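These notes are about the structure you will find just below.
All heavy atoms count here, side chains included; hydrogens, waters and symmetry mates do not. Please read these numbers as outputs of a predicted model, since none were measured by experiment.
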Amino acid sequence: MLMMELYIALFLLSVVTFLSGKNAKVYSLAVSGAFLLIFLFYFSYRYWGLSAVHGTLQTIPISPAYGFNFSLQSSGLSAVLVVIATFVIFAAIFVSSGNYSQVFYGLIMLTMSGLIGLLLSANLLFFYIFWEVVLVPVYFLIGLYGNRRSDTVSLKFFVYTHIGSVLMLLSFFSLYTYYFYETNGSFSMSISSLMNPALFETMPVFWRGFVFFGLFVAFLVKLPSFPLHSWLPDSYETAPYPVTIVLAGALSIMGGYGFFGILLPVVKVIPQGFLLALIVLGIISLIYFSLSAMSQLSMKRMMAYASAAAMGFVTISFGSGAIELQNSFSPSLYNLAFAGGMYQVLVHGLIMAMIFSSLYYVTKSTGKEMIGSLGGIFRGAPVISSFLLVGLLASLGLPGMAGFVAEFSVLAGIYGEIGMWILLIIFAMLITASYHIWMAQRTLFGPYNEVLGNIHDAGASSSAILTVMMLAIIFLGVFPHSVFELFTNYASGVVIP
Amino acid sequence: MTAVVTGIDALQYFIPEFILGITGFAILAAGMFGSSRKVNASITFVSLAASFVYTLTMFNHPVYVLSSTFLLDNFGLYFMLLFLAAGMLITFPAIINISAKSEIFFSLLLFTTVGMIIAASSSNLIVLFVSFEAVSTGTYVMTAFHKTERTLEASTKYFFTGAVSTSIIVLGISYFYEATGTFYLSPSPAIISSGAMLVSLILLVIGFGFKLAIFPMHQWAIDTYDGSENSVSAFLSTGSKLVAFMIMLRVFVSGFYGDANDFYIIFTLLAIVTMTYGNFSALSETNLKRLLAYSSVAQAGYLILVFSAAGYAIGISDTNLMEYAVAAGMIYSLVYIFMKGGAFLAMNLSSTKKVDVSDLSGLNKKSPAAALSLSILLLSLAGIPFTGGFLGKFFLFLALIEVKLWWLAVIAILNSAVSVFYYLRVILVMYRGEPSENIKVSSLGVIPLVVCAAAVIILGVYFALFSTVLGFVGGLFR
Amino acid sequence: MELFLIQGLTLLLFTIGLYGVMTAKTGIKTLISIEILLNSALVNLVALGYRSSQPLVLALFVIAISVVESAVGLSIMLAVYRKFGRITIQSLREMRD
Amino acid sequence: MDLALIAWFVFLSPLIAFPLSYFAGLKWKNWSGIIASSSIAVSLILSFILYLYYSVPVHSSYNWFYSFNYGIFVDHLSIAMVMMVSFVSLMIHLFAIYYMGKDPNRHVYFAETSLFTAGMLGLVLSSNLLEFFLFWELVGLCSYLLIGFWFFKPNAASAAKKAFIVTRVGDMSFVIGLAVLYSSLSPLTANPLSIPFLINNMPFVLSVLGSGKLALVSILFLGGAIGKSSQFPLHVWIPDAMEGPTTVSALIHAATMVTAGIYLVARIYPLYYYSGPDVLYTLAIIGSFTAIFAGILGLVVNDIKRILAYSTISQLGYMLSALGLFSVIGLSAVGYAMFHLFVHAFFKAMLFMGAGVILLTLMELRDVKRMGGLWKRMPITVSIIFIGALALSAIYPTAGYFSKDEIISAAYVYMTSSGAWYYALPWIFLTVGAFLTAAYTFRMFFLVALGKPRSELADHAKDPSILVLLPLIPLAILSIIYGFFRGDFLSYLGGSNNLYVPLYIKYLPLTLALLGILVTYLIYGRETWMHMDLSKSRVYSLVKNKFYMDKLFTGSVAERGILPISGKFASFENSYNTDVEKLGRHALDLGTAMRKLQSGVIESYFALIILGSAVVFIIALIVGVI
């Protein structure tokens with residue numbers, strides 16, 4: 001009921017950050033923290049019974065005759081993703097050192113409100129608008145505050161993602177047009193009316209392919225997936241750490257939400273060719289990214305590839321879950337696969353936020369980012385190193401932490417369809433485990449690298465935020481019931497077999 | 001149902017022209033008594049505003065005047081508002097550029113606007129041609145205003161290509177008359193000889209294409225926009241380009257209604273070539289004015305997409321899809337005025353004549369308002385949501401997809417994605433690095449920028465505009 | 001039949017004008033060939049006068065406009081001569097990439 | 001008496017001790033050891049109560065997520081295992097208080113060991129295979145942390161890394177097994193991976209999966225067991241795991257963690273005997289081959305802890321092969337294996353702790369060849385080690401004889417049960433293994449105990465106070481007398497001891513063991529080994545390099561296999577990224593080329609207008625016409 005007012009308040013408050021002068025960090029911290037709590041209580045109250053698939057729809061009509069109106073509706077999935085996105089951005093602001101200007105914090109707050117708008121929007125027009133609105137501030141964040149060749153990298157980031165999103169816009173248009181033909185004369189841009197399988201039945205095969213091609217390209221670029229990923233390593237490495245946390249933690253949610261939020265209702269009509277391509281791309285990106293992460297020299301770049309590899313699970317789970325649904329396997333399989341994919345999106349954001357914040361503190365205290373120049377810092381900075389170790393273990397999917405729940409449910413869900421191809425995924429998981437542990441051994445353990453001089457450990461505030469993240473990851477790993485049920489109910493509610 | 005008005009009370013429909021004409025002569029007279037630039041500018045602005053307000057009252061009752069050579073319908077009035085707005089936009093910034101004999105410049109500006117308004121209020125080829133010539137002649141002289149090397153070279157190039165295209169237009173019109181036997185542009189002329197029709201179509205496309213700066217006929221535009229004064233190139237790239245666009249809308253969509261398939265093919269080819277040429281050559285351009293010139297060529301490419309969509313729609317005889325396309329074109333031109341006009345006026349921020357991209361570096365420190373509004377304008381040119389440019393491109397590509405020209409839409413949208421590259425490159429330069437020494441920030445330079453940025457933002461959110469503009473399109477088929 | 005002959009004349013005049021425009025070194029030569037172009041269009045218009053008087057109205061306008069064109073053209077050439085000392089428009093090459 | 005609550009607290013009490021001992025230890029270091037040991041004492045008492053009041057299997061589980069539950073499942077097997085684990089780890093913790101005496105971060109050590117014990121107890125009591133896997137990995141994590149406890153030692157850190165990655169390979173095959181099982185069972189049952197469900201209605205599971213897929217599932221679970229209990233292909237990590245503190249080696253790499261693999265197979269044993277004879281044969285062959293293979297490797301190693309490590313691997317081989325003999329000894333195969341597991345836990349923990357005492361007094365000098373003459377200097381410790389050595393080489397009165405020789409005789413019956421030649425292999429390997437076990441055990445013992453001290457440190461060695469050796473005494477007593485309780489141990493686990501074997505076969509292993517002792521006494525007892533020069537013999541160098549297995553894994557698979565591929569992928573990745581940027585530059589150059597068209601000469605403008613529009617209209621006509 002008050003979702004619309006909440007969102008407008010958030011948007012205005014984030015615009016105000018630009019004028020908040022010296023104490024911009026404190027201001028944005030307060031706003032994002034407050035909204036984190038508000039969303040947490042609002043959604044836990046809203047979805048307590050774990051049954052509701054969609055929240056109430058609130059609309060501000062802009063040009064209703066043509067179906068363009070700003071409407072918000074939360075669903076089981078988007079509720080959780082909103083909370084995680086807010087938390088990750090809160091952590092990014094918390095981690096950032098004080099000397100950034102208010103423009104920096106304003107841009108981060110704009111990204112947050114754009115992302116939350118995207119997750120909650122129930123109108124494809126505003127889904128596209130928020131998709132772009134999130135990109136522009138990130139482009140400026142990387143361009144203005146990045147190190148080394150930040151202008152070329154930020155441009156590459158923006159143009160790459162922009163090409164993906166404009167193709168998505170064309171798909172929305174064709175949906176809009178075919179809705180016009182289907183209901184001979186009425187217009188609508190709302191997700192519920194455009195994204196239902198009935199509309200796709202009458203659409204000629206070519207146009208169905210055209211629609212799904214545009215949507216898949218946009219989501220795969222943002223995920224990122226194998227062929228469309230070349231913006232990732234440079235922008236993660238060039239961006240300052242808080243922006244990398246936002247990129248890795250919050251923006252990867254967009255790709256995941258694209259698949260599970262937008263495409264899930266029409267999963268029955270997606271041509272099988274696309275789905276097979278999705279699975280193959282997922283497996284390739286899993287193996288390809290883990291292997292190229294293995295021989296990276298800088299910790300940050302290695303973790304960028306690790307984040308990309310982890311998102312391979314999302315495409316695999318969506319692709320094979322959809323094929324299982326179309327070949328009418330039992331719902332217990334594809335529901336688990338979809339829920340596993342959603343859980344991976346949720347958990348990946350959290351884990352990457354923790355890893356990059358602990359990497360930030362390691363770099364801040366040792367001044368070094370390359371694996372070669374670090375060694376045995378466990379002795380000098382035991383607190384950060386143990387948090388980094390926990391992050392690495394969570395990212396390689398150690399049971400007891402959230403990563404395992406997601407990866408296992410994906411594996412269990414998709415085996416019915418994938419069969420022995422699962423060995424490739426297992427091979428990639430092994431590679432992931434080995435380079436994570438190798439990096440931990442190379443940087444944290446082993447003999448102390450005297451060149452570093454004496455390094456100081458992290459302060460109380462840093463271990464506070466890292467402890468909160470660690471507890472969240474362990475809680476989601478040991479007691480995933482509440483969130484996981486939400487996802488399975490959402491999946492079974494939305495997917496029309 | 002369009003009333004035919006004859007006799008003395010027809011004059012009331014020409015009040016906007018009278019207001020402008022009289023003030024034009026008044027300024028010339030005042031000039032003799034040595035009135036200052038500011039006074040002339042404010043007189044011009046007041047008269048433009050007055051006729052703007054009067055035109056607003058003339059909406060919603062279309063009428064034939066002067067034995068139906070003039071037709072005052074919503075479509076024409078909408079474009080009249082656009083031209084008056086373009087004129088108003090450049091009056092005050094012109095004070096920065098025009099130093100000596102400003103009364104001649106402002107009177108010229110007024111007379112050219114009169115020509116534009118007449119072009120907007122008629123659907124007879126003769127009147128269209130004559131007013132088109134009035135606009136061109138006025139702009140030839142405005143380009144050569146300060147008689148410096150740069151402006152002279154610009155105006156020579158502009159004049160010669162302009163004169164050649166005028167003769168091509170006349171030949172085209174004569175063949176049109178031979179084919180249809182009338183000068184009136186109505187959707188159902190009895191085609192006497194289709195051969196002549198095709199020849200006239202080709203000639204008219206070249207003739208009018210020159211002023212819109214489409215690919216083969218665009219070269220003068222690059223040099224002229226680069227050479228002439230900032231406000232003149234602003235006026236050229238917005239006012240005179242949109243006159244040509246409006247006349248082409250009248251001529252092709254209602255005049256050549258019969259063989260729509262031909263002009264669909266021609267305009268699609270021209271559009272693809274123009275967009276690609278404009279976008280790619282702007283990628284590595286360092287001279288900011290030339291970059292904006294190339295971008296205006298690319299924008300012209302987007303504009304003529306309207307003709308492909310409308311032509312294809314007429315081909316499959318679906319009139320309301322054709323109306324969507326024309327409405328999309330009209331919205332695009334409205335937004336285009338503020339985007340492109342504002343961008344060219346931003347060149348006043350740098351004191352050098354040949355404005356380089358690095359001249360604007362560090363603008364954020366000198367004047368954050370200018371930097372922010374120029375970034376908004378550039379974002380709008382790139383078509384980023386929450387800006388007017390996005391609104392224009394949104395409806396344009398929507399029209400293309402509704403007509404099922406998916407491949408053309410893909411080419412166009414990829415072009416606009418590539419264009420993002422050079423717009424954002426400029427924005428980054430403004431916000432990084434140390435302020436360059438030849439930035440000069442004056443209130444006259446910044447205020448129009450802020451006004452344009454505000455207009456672009458308002459348009460960006462105002463989606464309901466489409467339905468009102470769609471109502472105006474009906475006029476095209478009176 | 002005779003219409004075809006006259007249109008042949010127009011096209012001939014038109015091509016001469018175009019040739020003149022493309023090869024003229026000096027500005028004045030270009031101006032003259034532009035006049036030829038306009039006149040060729042004029043001939044065609046007058047030829048169509050047999051149907052009704054409307055094309056003749058346009059012919060009158062075209063005559064007026066060609067006068068205006070040459071006036072503006074000559075004044076620009078005058079200014080170019082005074083500024084550059086010569087009117088060979090090829091040499092005006094300062095605007096290029 | 002709510003048995004379920006007691007069962008929960010068996011593994012919750014060390015879990016609570018984990019944070020307690022860490023934070024308490026921050027201020028008062030000694031307290032952490034006491035908290036840890038007392039929490040394990042509590043779980044020992046609770047498991048004893050469970051043993052007393054147990055009547056019917058207890059199973060209480062709660063919904064973990066989707067269709068997976070977590071909870072506890074208590075039956076005879078798990079009670080026995082819980083008692084053994086808590087007893088042995090209690091003894092090791094008490095010893096560790098002395099062993100880790102002066103170490104600055106011993107509170108971290110005690111926190112990690114109590115977390116380990118909690119994980120092990122949880123694993124034993126878990127009611128769902130997924131929960132089993134969670135504890136399985138938690139235990140793996142603790143072994144990783146504890147091996148790398150002295151993280152500043154470079155080879156400790158790399159040993160930890162190696163242990164984690166190799167066990168991870170095994171765990172991955174476990175995960176695939178879980179996925180296969182879930183995906184085929186989930187459409188038909190509410191809770192597909194629950195252990196009581198799997199054990200009790202195996203025929204239904206067999207009908208659903210079909211024997212082929214059931215065999216696949218059991219082989220995959222076997223892969224997990226091989227990884228964790230370091231059987232043949234994945235045994236490379238345990239010798240390096242000796243880099244950790246000796247109490248860690250005692251607790252994890254002798255008594256508890258390595259037995260988890262065997263416990264897994266025992267726990268879901270119906271899965272195995274329903275999946276047909278070939279799966280059971282693989283169990284037997286892998287177990288017996290590991291027994292002999294590790295035995296041979298143990299002969300040539302000089303580090304005292306690595307000898308014990310190889311002996312652990314070979315004894316685990318015996319347990320796994322025992323499980324493979326179902327067709328002959330039926331359900332009591334579980335009893336045979338578990339009995340050997342218990343006995344081995346007792347004497348191996350004792351041996352490691354004894355070695356720990358020696359290492360402490362000899363300042364971590366581990367090379368057996370530089371010890372010697374310690375029997376006179378450290379009489380009590382060496383005599384305890386002597387008892388352990390006797391039990392390990394299965395000499396008559398000790399429990400080792402009862403547990404190991406019965407398995408060998410069962411293997412003999414297995415050989416005679418079918419005509420095929422390869423059925424004989426297990427028995428041959430196991431008997432030769434018995435000889436080898438005695439050989440390497442007493443080689444280690446004679447080198448340590450007899451002769452003159454070969455290093456100055458060995459010379460000054462003397463016994464620590466009796467208090468330190470107290471925890472070893474009960475284990476020594478048990479490894480002697482426990483053999484006689486074999487009968488009711490088997491009946492407790494639902495097996496029977498009626499195996500008829502001809503007499504000369506029954507005592508063959510014992511004679512071979514005594515022969516082994518004699519031979520090693522001749523060589524190592526009286527320093528004849530000093531002038532034996534084996535360096536030239538190819539066989540010796542082959543065994544010395546551990547049959548190049550390590551080189552195979554770290555060398556060819558890792559260095560020459562995966563790293564170059566990842567190097568190629570990384571370089572392809574970099575070139576792919578730079579290609580995208582090159583694409584951008586090409587677009588820029590294309591743009592500059594296009595701008596060349598703008599020559600500034602007006603004549604070329606006219607030419608382009610005419611030419612350009614001509615070309616466009618010709619194309620339009622062509623397209624228009626067709």
Side-chain angles (χ1 to χ4, degrees), chain A residues 152 155-156 159-160 230-231 233-234 287-296 305 329-330 332-333 335-336 339 376 378-379 393 396 398-400 404-405 408-409 411-416 422-423 426 429-431 433-435 437-438 440-441 444-448 478-481 484-485 488, chain D residues 62-68 70 105 130 133-138 140-141 144-145 148 151-154 156-158 160-161 164-165 168-169 171-173 175-176 178-184 186-188 192-193 558 562-563 565-574 576-577 579-581 584:
Chain A
T152 39
L155 263 178
K156 181 165 113 172
V159 172
Y160 212 96
S230 70
W231 59 274
D234 298 338
I287 296 173
Y288 176 79
F289 288 131
S290 336
L291 280 175
S292 36
M294 197 168 210
S295 47
Q296 292 301 333
Y305 283 115
F329 279 63
S330 104
S332 72
L333 288 184
N335 272 347
L336 182 65
F378 208 91
R379 189 187 65 158
L393 291 176
L396 65 85
L398 190 78
F404 170 73
V405 171
F408 177 74
S409 24
L411 288 180
I414 65 171
Y415 178 77
I422 207 167
L423 283 177
I426 294 300
M429 283 166 81
L430 277 176
I431 301 291
S434 44
Y435 75 76
I437 292 300
W438 175 81
Q441 185 244 340
L444 305 179
F445 304 115
Y448 183 68
V478 177
F479 300 106
H481 173 71
F484 208 88
E485 285 314 290
T488 33
Chain D
Y62 306 93
N63 183 338
W64 184 12
F65 66 98
Y66 196 54
S67 66
F68 306 108
Y70 68 91
N105 37 30
L130 195 60
F133 185 67
L134 182 129
F135 286 116
W136 177 274
E137 289 268 341
L138 178 64
L141 168 71
Y144 165 72
L145 293 173
F151 53 82
F152 39 82
K153 276 164 60 186
S158 66
K161 170 189 72 156
F164 190 86
I165 292 172
R168 190 80 180 153
V169 173
D171 302 346
M172 280 304 123
S173 103
V175 163
I176 303 180
L178 286 176
V180 172
L181 201 59
Y182 173 80
S183 66
S184 30
S186 76
L188 306 159
L193 293 182
I562 297 199
L563 284 182
I565 298 176
S566 86
K568 273 201 266 315
F569 269 83
S571 55
F572 170 75
E573 168 69 12
N574 293 345
Y576 177 75
N577 287 345
D579 284 353
V580 171
E581 263 150 39

Toward chain A, the part of [X] with a non-hydrogen atom under 4.5 Å:
X       : value
L181(D) : neither
Y66(D)  : both
V580(D) : side chain
D579(D) : neither
S158(D) : both
S186(D) : both
L188(D) : neither
L138(D) : neither

**Request:** Verify whether the ring centers belonging to F408(A) and F133(D) lie closer than 6.0 Å.
**Result:**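 Not close enough - the centres of the two rings lie 6.0 Å or further apart.
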
**Asked** Can we call the ring centroids of Y448(A) and F152(D) under 6.0 Å apart?
**Response**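 Not close enough - the centres of the two rings lie 6.0 Å or further apart.
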
**Request:** State whether the side chain of S434(A) and the backbone N or O of I165(D) hold a donor-acceptor pair below 3.5 Å, judged by distance alone.
**Result:**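 Between the backbone of I165(D) and the side chain of S434(A) there is no qualifying donor-acceptor contact (under 3.5 Å).
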
Validation row: [X], [Y] side chains within 4.5 angstrom (heavy atoms):
X       : Y       : value
F569(D) : M294(A) : no
Y415(A) : S184(D) : no
E573(D) : Y305(A) : yes
F484(A) : W64(D)  : no
L333(A) : S183(D) : yes
L178(D) : L411(A) : no

**Message:** Please verify the inter-ring angle class for F445(A) with Y144(D); under 30° counts as parallel, over 60° as perpendicular, anything in between as tilted.
**Reply:**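 Because their plane-to-plane angle is over 60°, the rings of F445(A) and Y144(D) count as perpendicular.
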
**Most contacts with chain D, counted as non-hydrogen pairs under 4.5 angstrom, among L444(A), I422(A), L155(A), I437(A)** =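 Going by pairs under 4.5 Å, I would pick I437(A).
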
**Asked** Looking at CG of L291(A) and CZ of F572(D), how far apart are the two atoms once the value is rounded to the nearest 0.5 Å?
**Response**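 If I round to the nearest 0.5 Å, the distance is 12.5 Å.
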
**Asked** At what distance, to the nearest 0.5 angstrom, does CG of N105(D) lie from CZ of R379(A)?
**Response**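 These two atoms lie 12.5 Å from each other.
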
